[in-house]
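The block underneath contains the structure these notes are about, expressed in C-alpha cells.
Order of the sequence lines sets the chain letters (A, B, ...), proteins ahead of strands, with each chain counted from 1. Quick note: numbers below take in every heavy atom, side chains included, and nothing from hydrogens, waters or symmetry partners. Values in this document were obtained by computation on a predicted structure and should not be read as measured data.
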Number of protein chains: 2
Amino acid sequence: MDAPAPTAGKRQLPEIRARSFDQSRDSHSLIENLLTEKQQQDFRKIATVLEYRRGGSTIFAEGEDAHFVYSIAAGVVRVSRMSQNGRRQVLALMLPGDLFGLPDGGIYVNSAETACPATLYRVPWQKLQSLMLREPALQLNLLNRVAYDLREAQRRIMVLGQQNTRQRLATLLLDFIVHPAFFDEEQSLLALPLSRFDVADYLGTSAETITRGLGHLEAQGVIRRVDARTLEIRNLEGLRMLQNQKRRKDR
Amino acid sequence: MDAPAPTAGKRQLPEIRARSFDQSRDSHSLIENLLTEKQQQDFRKIATVLEYRRGGSTIFAEGEDAHFVYSIAAGVVRVSRMSQNGRRQVLALMLPGDLFGLPDGGIYVNSAETACPATLYRVPWQKLQSLMLREPALQLNLLNRVAYDLREAQRRIMVLGQQNTRQRLATLLLDFIVHPAFFDEEQSLLALPLSRFDVADYLGTSAETITRGLGHLEAQGVIRRVDARTLEIRNLEGLRMLQNQKRRKDR
DNA sequence: CGTGATTTTGAATGTCGTCAAAATAGGTGG
DNA sequence: CCACCTATTTTGACGACATTCAAAATCACG
C-alpha cells in the first residue's frame with residue numbers, strides 16, 4: 001500500500017553519500033562554465049557533493065519546501081509531476097551540466113529522482129541568493145537558466161504535439177547520442193541510462209509501446225538491440241529522417 | 001506559392017492601426033499590475049498601442065531580429081513554431097494581460113500571429129532594457145515572467161503527454177472559461193475566439209478531430225454547440241471530471 | 001448571391017493503450 | 001555457484017482512438 005506509481009515499476013531504496021565539493025574534480029558543469037574563477041571558489045564553498053548509488057532515489061518531491069538547488073556532475077535525473085489521473089509525466093531529463101530544483105514560491109513544484117546512479121552538487125538556495133546579491137553576473141545567469149529551460153520545454157511541446165511514438169523515440173535517442181557520456185562514437189553504441197518506464201513517462205506513452213517502437217526501429221535496420229539498454233546505432237541519418245516524416249503513414 | 005501553412009487554412013491580410021499608449025485606457029495588463037505609478041508612466045512613454053482588425057495577422061516571425069516585446073490588451077495571439085514536417089504547433093495562446101516576444105539571442109525563436117482581432121502594447125526591447133537598468137524591480141519582473149512561461153509550458157507538457165484529444169479539449173475549454181472576456185457566466189456561454197485549425201494546432205491534433213471531439217462532448221451532454229464557435233457549457237463539473245479519467249476507455 | 005474559407009461528415013486504416021502472461025535479467029542468501 | 005525472488009522487458013491479442021483523404025455542407029463577406 002505504498003504510492004501507486006502507476007507506470008513506474010518498484011524501485012530500490014535510496015543510498016546516498018555526501019562530501020565537500022573541493023574533494024571532487026569532475027568534468028564540465030554548465031554552472032562552472034559560466035562563472036569566473038572567483039565565483040567558482042565562492043560556489044564551491046557552499047556546494048555539497050551527493051552521490052546516489054541507485055536509480056529511483058528521491059532527491060526532492062513535489063510540494064516540499066525548497067531549500068536547495070542542484071547541478072548534475074554525472075548520471076541522469078528525471079524531473080516529473082504526477083497528473084491527476086495518477087500517471088507520471090517526466091517533464092525533463094537532466095543530464096550532466098544541467099541545473100534543477102529552482103523553487104517556485106518557496107516550494108518545489110516538481111519531483112526529482114535519480115534515473116540511474118548519479119553524482120550531484122547541492123547548493124543551499126538561501127546562500128546562493130545572497131551570493132547572487134553580491135555577484136550580479138550570477139543573477140543574470142539565473143535568468144539565462146530559466147530561459148534555457150523554457151526553450152527546452154517548448155521543444156518538448158513540439159515533440160509531444162507533432163510526433164508519433166517512433167518519432168519521439170528517435171528524438172530521444174538523438175538527444176542522448178549528442179552526449180559523449182552515453183554514446184560511444186567509435187562503436188556506435190548508445191548506453192541508454194533509462195528504464196522502459198522512464199522513457200515511456202518521458203515520451204507520454206507506455207513501456208510496452210517503447211519496446212515495440214524499438215522493435216520497429218530494429219526491423220527497419222536503423223538500430224540493433226544489443227541488450228535492453230544498449231543500442232547499436234546503425235543509421236544515424238535514418239534516425240534523423242524519421243523525425244521529419246508525417247505522423248502517420250497512409251497508403 | 002506562398003508558405004505551405006499545412007494545417008492552417010488561408011487567412012486574411014493584416015490590418016493594423018497604431019496610436020500612443022496614453023490615448024487608451026483599457027482594463028488590466030499583467031505588466032501594469034506589477035509596476036508602480038512611476039514605472040507605469042515610464043512604461044507608457046515607450047509603449048505603442050497596436051490594433052489588429054483581423055485574425056491571422058503576423059506580429060513577428062520565427063528568425064526575425066527581435067526589436068519589440070508585446071503585451072496583450074484584448075484578443076488572442078498564437079505563439080507558434082513550424083516543425084520540420086511542415087506542421088504548425090501552437091506553443092502558447094496569449095490572452096489579455098500576457099507578455100510575449102522576448103528575444104532569444106537577439107532574434108525571435110517563435111512566430112506570433114493574431115488568432116482574432118486584438119489590441120497590443122508594443123515596447124521597444126532596447127528601451128525596456130535601459131529602463132530595467134534604472135529600475136531593478138523591472139528586471140526581477142522579467143525573471144518572474146519567464147518563470148511563469150516555464151510553468152505554463154510544463155502544464156502543456158502534462159496535457160500533451162497524458163491526455164487524449166477529448167481531455168485536451170476539456171482542458172482548453174476550462175482555460176477559456178476562467179476568462180470573463182470569453183465566458184458569459186450568466187448564460188453559461190463560451191465564445192471561442194479560435195478556429196478549428198488553431199485549436200487543433202494548439203492541442204497537437206487535426207481540425208477534424210476537434211470537430212468530432214466537440215461532437216462527442218455534446219453527445220455526452222457536457223456542452224451544446226450553439227454555433228461553430230459558441231458553446232453552451234451545460235456541465236462544468238463534467239468537464240473537470242473528464243480531465244482526470246484514464247486516457248482510454250477499455251472494456 | 002457567388003466565391004473562398006471554415007466546418008462537418010464519411011470511410012478506411014494506422015497507431016497505440018490496456019490487460020494478460022511469458023521470458024529475461026538482477027540481486028540476495030544459502 | 002546455484003536457487004529463488006523480484007523487477008524489468010518482451011510478446012500477444014483486442015479494440016479504442018486518431019489521422020488521413022475526400023467531399024459535402026455551412027458560413028462570411030464583399
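Between the axis at the start and the axis at the end of the helix from C:dC1-D:dG30 to C:dG30-D:dC1 there is an angle of 50°, using five pairs per end and rounding to 10 degrees.
For the residue pair B:T171/B:Q163, the side-chain donor-acceptor check at 3.5 Å is satisfied. B:S188 and B:E232 form no side-chain donor-acceptor contact under 3.5 Å, judged by distance and modelled atom types alone. A donor-acceptor contact closer than 3.5 angstrom is absent between the side chains of B:N164 and B:R247. Between the side chains of B:Q89 and B:R81, not a single donor N or O lies within less than 3.5 Å of an accepting N or O.
Rounded to whole Å, atom P of C:dT7 lies 12 Å from atom CG of B:L231. Protein atom CG of A:L214 is 11 Å distant from nucleotide atom P of D:dT11, rounded to whole Å. Note: CZ (B:R196) to C1' (D:dC27) measures 12 Å, nearest angstrom. Rounded to whole Å, the distance from CD1 on A:I210 to P on D:dT8 is 15 Å. Between the CZ atom of B:F197 and the P atom of C:dT8 there is a distance of 11 Å, given to the nearest Å. Taking atom CZ on B:R54 and atom P on D:dA28, their separation rounds to 15 Å, with Å as the unit. Rounding to whole angstrom units, CG of residue B:D227 and P of C:dT6 are separated by 15 Å. In this entry the distance linking CG of A:D201 with P of C:dG17 reads 11 Å, nearest Å.
Within residues 163-170 of chain A, the residues having any heavy atom under 4.0 Å from DNA chain C are, by residue number, A:N164, A:T165, A:R166.
Side chains of A:M94 and A:V79 form a contact here, defined as non-hydrogen atoms less than 4.5 Å apart. With a 4.5 Å cut-off on side-chain heavy atoms, A:F100 and A:S71 do not count as touching. Residues B:S111 and B:M82 form no side-chain contact, since every pair of their non-hydrogen atoms from C-beta on lies 4.5 Å or further apart.
For A:E218 (side chain) and A:R225 (main-chain N/O), a donor-acceptor pair under 3.5 Å exists by modelled atom type.
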Protein N or O to nucleotides 13-15 of chain D N or O, pairs below 3.5 Å:
{"unit_1": "D:dA13", "atom_1": "N6", "unit_2": "A:R212", "atom_2": "NH2", "d": "3.3"}
{"unit_1": "D:dG15", "atom_1": "N2", "unit_2": "B:R248", "atom_2": "NH1", "d": "2.2"}
{"unit_1": "D:dG15", "atom_1": "N2", "unit_2": "B:R248", "atom_2": "NH2", "d": "2.7"}
{"unit_1": "D:dG15", "atom_1": "N3", "unit_2": "B:R248", "atom_2": "NH2", "d": "2.6"}

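With salt bridges taken as basic N to acidic carboxylate O contacts below 4.0 Å, one links B:R88 and B:D198.
Under the ring pair (Phe, Tyr, Trp, His ring centres under 6.0 Å) criterion, no residue pair touches residues 210-250 of chain B, with sequence neighbours excluded. Applying the salt bridge (Lys or Arg N to Asp or Glu O under 4.0 Å) definition to pairs two or more places apart or across chains, those involving residues 154-180 of chain B are B:E152-B:R155, B:R155-B:D175.
The residue among B:E208 and A:E208 whose nearest nucleotide of DNA chain C is located toward the 5' end is B:E208. Between B:K246 and A:R247, the one whose closest nucleotide on DNA chain C sits nearer the 5' end is A:R247.
Between A:R229 and D:dT9 there is a side-chain polar atom (N or O) within less than 4.0 angstrom of OP1 or OP2. Distances shorter than 4.0 Å separate some side-chain N or O of A:S206 from OP1 or OP2 on C:dG17. In this model, the phosphate group of C:dC16 is not approached by any side-chain N or O of A:T209 to a distance below 4.0 Å at OP1 or OP2. The shortest distance between the side-chain N/O atoms of A:R225 and the OP1/OP2 oxygens of D:dT9 is not below 4.0 Å. Put simply, B:T205 has a side-chain N or O that comes within less than 4.0 Å of OP1 or OP2 on D:dT19.
Using a 4.0 Å heavy-atom cutoff across all strands shown, A:G204 reaches sugar-phosphate atoms only and no base atom.
Remark: B:E62 pairs with no residue by the salt bridge (charged side-chain N to carboxylate O under 4.0 Å, His left out) rule, at least two apart or across chains.
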